[in-house]
Trainee: 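After the structure tokens below, expect a handful of questions from me.
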Number of protein chains: 2
Amino acid sequence: MNYNYEHDLNKGISVDCVIFGFDFEKLKVLVIRRKPVENISESLVSLPGDLIFNDENLDQAAQRVLKELTDLENIYLEQLGAFGDLDRLSKPSDIAWLRSNRAQPEARVITVAYYALVNLNAFDPKPSNFAESVSWEPVEDIKSMAFDHLEIFNKAREELYRKLKIQPIGFNLLPKKFTLSQLHKLYEAIVGRELDKRNFRRKMIKLEIVKKLDEKQKGVPHKPSNFYEFHVENYKRLVNKGFDNFGF
Amino acid sequence: MNYNYEHDLNKGISVDCVIFGFDFEKLKVLVIRRKPVENISESLVSLPGDLIFNDENLDQAAQRVLKELTDLENIYLEQLGAFGDLDRLSKPSDIAWLRSNRAQPEARVITVAYYALVNLNAFDPKPSNFAESVSWEPVEDIKSMAFDHLEIFNKAREELYRKLKIQPIGFNLLPKKFTLSQLHKLYEAIVGRELDKRNFRRKMIKLEIVKKLDEKQKGVPHKPSNFYEFHVENYKRLVNKGFDNFGF
DNA sequence: TAGCAAAATGTCAAAATGACACTAAGCAAA
DNA sequence: TTTGCTTAGTGTCATTTTGACATTTTGCTA
């Protein structure tokens with residue numbers, strides 16, 4: 001799984017991935033802990049990321065690196081942007097790590113960040129390479145990260161929120177069959193506040209992005225919820241077109 | 001104006017700028033023509049862009065490069081994203097140019113693109129460095145560009161359109177005093193189709209992003225238009241908050 | 001069979017949208 | 001001085017969308 005000996009490593013460019021998952025309760029983000037170095041005990045979480053190869057596109061690099069560190073693959077990653085501040089690798093604990101992990105630890109490195117939304121239950125992350133552990137952390141618990149990853153993470157959250165306002169969301173985060181309550185919770189988790197249940201359902205139904213199925217929850221100690229699935233046609237159309245504001 | 005001997009050039013990372021301007025008629029984009037090399041006569045236009053230095057941030061690099069090539073400065077540039085496809089520098093005419101302009105013409109280079117909207121009349125671009133000429137071209141006339149600049153340009157136009165839908169626009173493209181017809185034309189230029197005049201005015205006024213001034217056009221052979229200015233407070237608030245869809 | 005828990009549903013007033021056509025003002029030419 | 005040209009500016013109405021709000025339904029469990 002280590003390609004370093006077969007490819008020409010680009011020592012000035014890395015990729016980092018912000019992977020959001022949803023467990024029907026909270027919005028979470030996939031983070032790794034790096035294997036400890038020297039006598040540095042501090043162990044900030046980081047986003048999965050690494051240097052790119054010179055013979056791969058940025059998108060491919062993101063896919064590869066994510067796979068190498070967490071074993072997740074075939075995830076639709078969207079680019080968030082490039083981060084290249086001069087001080088992005090300047091925390092003492094990060095410098096120590098770079099010294100023991102990089103051929104040119106002092107090199108200036110810019111990173112291209114990617115983000116994705118996934119159905120948390122459909123993936124089973126496993127740490128490898130320099131990742132000691134991988135875990136899903138509730139987004140609201142993330143207070144600090146290695147490198148400039150907190151900045152990247154915050155940007156990704158903003159982007160997610162911006163996206164939510166102009167197109168439907170959830171296709172990649174929910175199972176094929178889901179309930180409107182689950183979709184509702186997902187939106188609330190991203191928006192960060194309560195949304196009126198009736199108005200939410202009305203909107204989703206009017207936009208025709210969901211189809212009601214002839215199947216209900218079973219074994220729940222309350223009125224069972226109806227299952228829905230996404231109306232793929234309409235969903236995609238709205239992703240492309242965006243919700244209309246003011247006719248344009 | 002050539003910093004190359006004072007700074008450490010990063011040979012793997014460049015920046016490119018998509019500068020949109022508006023002349024009250026058409027939406028335009030700032031392009032340069034490179035000084036010709038060898039016996040290559042083909043002269044595709046390009047976006048102003050060049051390699052970055054290792055001691056500057058990406059944002060700074062974009063500002064500097066834009067200044068060096070076109071003499072434009074103090075422009076608020078927003079990042080569009082990174083472009084790093086393996087074949088982005090593979091057109092024959094581009095290879096010839098790289099050979100005569102770059103220390104490592106075969107090097108893999110990714111670029112970080114920026115875009116901005118400016119009041120075309122407030123700037124007077126002047127070519128320098130490897131730019132032979134600089135000009136404003138109507139966006140609809142752009143059919144091909146050097147490198148992968150057409151792809152970058154198209155992405156920038158999409159981004160501009162996306163932006164228009166969720167926040168007010170025009171603050172940087174119009175003079176301090178402007179007429180609602182000018183704003184209307186600007187929107188039509190970006191959206192690419194006609195927008196109902198009355199509904200447009202109603203919306204702008206209701207959003208309170210413009211303030212009516214006590215001043216009219218003079219010397220026009222028709223009913224003079226009233227001048228307006230932006231309501232900075234409300235404008236900024238809406239830029240941050242975005243237009244609401246569905247309460248979130 | 002009583003109680004619990006979450007699902008599901010409807011109404012109404014207010015605001016926003018979209019479609020649509022005529023009058024007003026200033027200048028220029030006859 | 002009158003007529004014509006050109007763009008600015010304005011209002012209405014029917015329809016749709018929003019936002020606020022409370023009760024009933026269903027299935028399970030004790």
Side-chain angles (χ1 to χ4, degrees), chain A residues 23-25 164-166 168 174 177-189 191 193-229 234 238 241-248, chain B residues 23-26 164-168 174 177-189 191 193-229 234 238 241-248:
Chain A
D23 65 359
F24 304 134
E25 281 297 327
L164 181 81
K165 294 175 84 153
I166 56 168
L174 294 176
K177 295 174 190 175
F178 54 89
T179 70
L180 284 190
S181 297
Q182 290 171 339
L183 187 61
H184 184 210
K185 269 191 185 155
L186 169 62
Y187 270 75
E188 289 188 329
V191 173
R193 65 185 169 77
E194 215 171 81
L195 300 172
D196 182 85
K197 182 163 52 161
R198 279 167 293 188
N199 294 342
F200 178 82
R201 298 169 74 97
R202 176 177 61 189
K203 183 82 170 188
M204 291 299 144
I205 289 164
K206 183 196 45 97
L207 288 174
E208 300 185 283
I209 59 179
V210 289
K211 282 190 288 196
K212 193 170 186 169
L213 296 175
D214 196 19
E215 189 182 348
K216 289 172 198 284
Q217 279 183 319
K218 278 176 191 161
V220 287
H222 55 74
K223 178 170 177 176
S225 196
N226 218 302
F227 283 116
Y228 286 77
E229 64 182 14
N234 288 341
L238 285 173
K241 172 164 106 58
F243 301 137
D244 265 3
N245 254 108
F246 184 34
F248 44 74
Chain B
D23 65 359
F24 304 134
E25 282 297 326
K26 290 178 164 185
L164 181 80
K165 294 175 83 155
I166 57 167
Q167 57 179 244
L174 294 175
K177 296 172 188 176
F178 54 88
T179 70
L180 284 190
S181 297
Q182 290 171 341
L183 188 61
H184 184 210
K185 269 190 182 153
L186 169 62
Y187 270 75
E188 290 188 330
V191 173
R193 66 185 168 78
E194 215 170 80
L195 301 172
D196 182 85
K197 182 164 51 160
R198 280 165 294 189
N199 294 342
F200 177 82
R201 298 170 75 96
R202 176 176 61 189
K203 184 80 169 187
M204 290 300 143
I205 290 164
K206 184 196 42 98
L207 289 174
E208 299 184 284
I209 59 179
V210 289
K211 280 189 289 195
K212 194 172 187 170
L213 296 175
D214 195 19
E215 190 183 347
K216 288 173 199 283
Q217 278 183 319
K218 278 175 190 162
V220 287
H222 55 74
K223 176 169 178 178
S225 195
N226 217 302
F227 283 116
Y228 287 77
E229 63 181 16
N234 288 340
L238 284 173
K241 172 164 106 57
F243 301 137
D244 264 4
N245 255 107
F246 183 35
F248 43 72

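In what follows, chains carry the letters A, B, and so on, assigned in the order in which the sequence lines appear, proteins first and then strands, with residues in each chain numbered from 1.
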Trainee: First locate atom NZ of A/K185, then atom CG of A/D23, and finally report the distance between them rounded to the nearest 0.5 Å.
Mentor: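 Atom-to-atom, A/K185:NZ and A/D23:CG are 9.5 Å apart.
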
Trainee: What's the spacing between A/L183 CG and A/F24 CZ if we round to 0.5 Å?
Mentor: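 Answer rounded to 0.5 Å: 11.0 Å.
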
Trainee: What residue pairs, at least two apart or across chains, pass side-chain hydrogen bond (donor to acceptor under 3.5 Å, both in side chains) with a residue in residues 209-222 of chain B?
Mentor: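 Residue pairs with at least one partner in residues 209-222 of chain B: B/K177-B/E215.
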
Trainee: Does a side-chain N or O of B/S225 approach OP1 or OP2 of D/dT7 to a distance below 4.0 Å, or not?
Mentor: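 For D/dT7, neither OP1 nor OP2 has a side-chain N or O of B/S225 closer than 4.0 Å.
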
Trainee: Specify the separation, in whole Å, of atom NZ of B/K203 and atom P of C/dA19.
Mentor: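 Rounded to whole Å, this separation is 14 Å.
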
Trainee: Check the distance between C/dA7's C1' and A/F178's CZ and give it to me in whole angstrom.
Mentor: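 Rounded to the whole Å, the gap is 16 Å.
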
Trainee: Of B/Y228 and A/R202, whose nearest nucleotide on DNA chain D comes first from the 5' end?
Mentor: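 Its nucleotide being nearer the 5' end, the pick is B/Y228.
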
Trainee: Check A/E188, A/H184, A/R202 against A/K197 for a side chain to side chain contact (heavy atoms under 4.5 Å, CB included) and give me the one that passes.
Mentor: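 The passing option is A/H184.
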
Trainee: Rounded to the nearest angstrom, tell me the gap between atom CE in B/M204 and atom C1' in C/dA16.
Mentor: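 It works out to 14 Å between those atoms.
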
Trainee: Do B/Y228 and B/T179 come within less than 4.5 Å of each other through their side chains, counting heavy atoms only?
Mentor: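 The answer is no, as the side chains (C-beta and beyond) never meet within the 4.5 Å cut-off.
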
Trainee: Give the rounded distance in Å between these two atoms: CG of A/L207 and C1' of D/dT17.
Mentor: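 About 11 Å, once rounded to whole Å.
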
Trainee: Nearest whole Å is fine: how far is C/dA8 P from A/L183 CG?
Mentor: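 After rounding, the reported distance stands at 12 Å.
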
Trainee: What is the separation between atom CZ on A/F24 and atom P on C/dA6, rounded to the nearest whole Å?
Mentor: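 Interatomic distance, CZ of A/F24 to P of C/dA6: 16 Å.
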
Trainee: With heavy atoms under 4.0 Å as the rule, sort B/K185 into base, sugar-phosphate or nothing.
Mentor: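 Result for B/K185 = nothing.
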
Trainee: Check the distance between C/dA7's C1' and A/I205's CD1 and give it to me in whole angstrom.
Mentor: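 Rounding to the nearest Å, CD1 of A/I205 and C1' of C/dA7 are 12 Å apart.
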
Trainee: CD1/B/I166 to CG/B/L238 distance, rounded to the nearest 0.5 angstrom?
Mentor: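 The CG atom of B/L238 is 11.5 Å from CD1 of B/I166, to the nearest 0.5 Å.
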
Trainee: Going by heavy atoms in the side chains, are A/M204 and A/Y187 under 4.5 Å from each other?
Mentor: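 Yes - at least one pair of side-chain heavy atoms lies under 4.5 Å apart.
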
Trainee: Between D/dC13, C/dA8, D/dA8, which nucleotide gets closest to the side-chain atoms of B/S181?
Mentor: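 For B/S181, the side-chain atoms sit closest to D/dA8.
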
Trainee: Taking atom P of C/dA7 as reference, at what distance in whole Å does atom CG of A/L180 sit?
Mentor: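 The distance from CG of A/L180 to P of C/dA7 comes to 10 Å, rounded to the nearest Å.
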
Trainee: Protein within reach of the bases, or only the backbone? For nucleotides 21-30 of chain D, mark each nucleotide 5' to 3' as B, S or -, using heavy atoms under 4.0 Å.
Mentor: BB--BBBS--

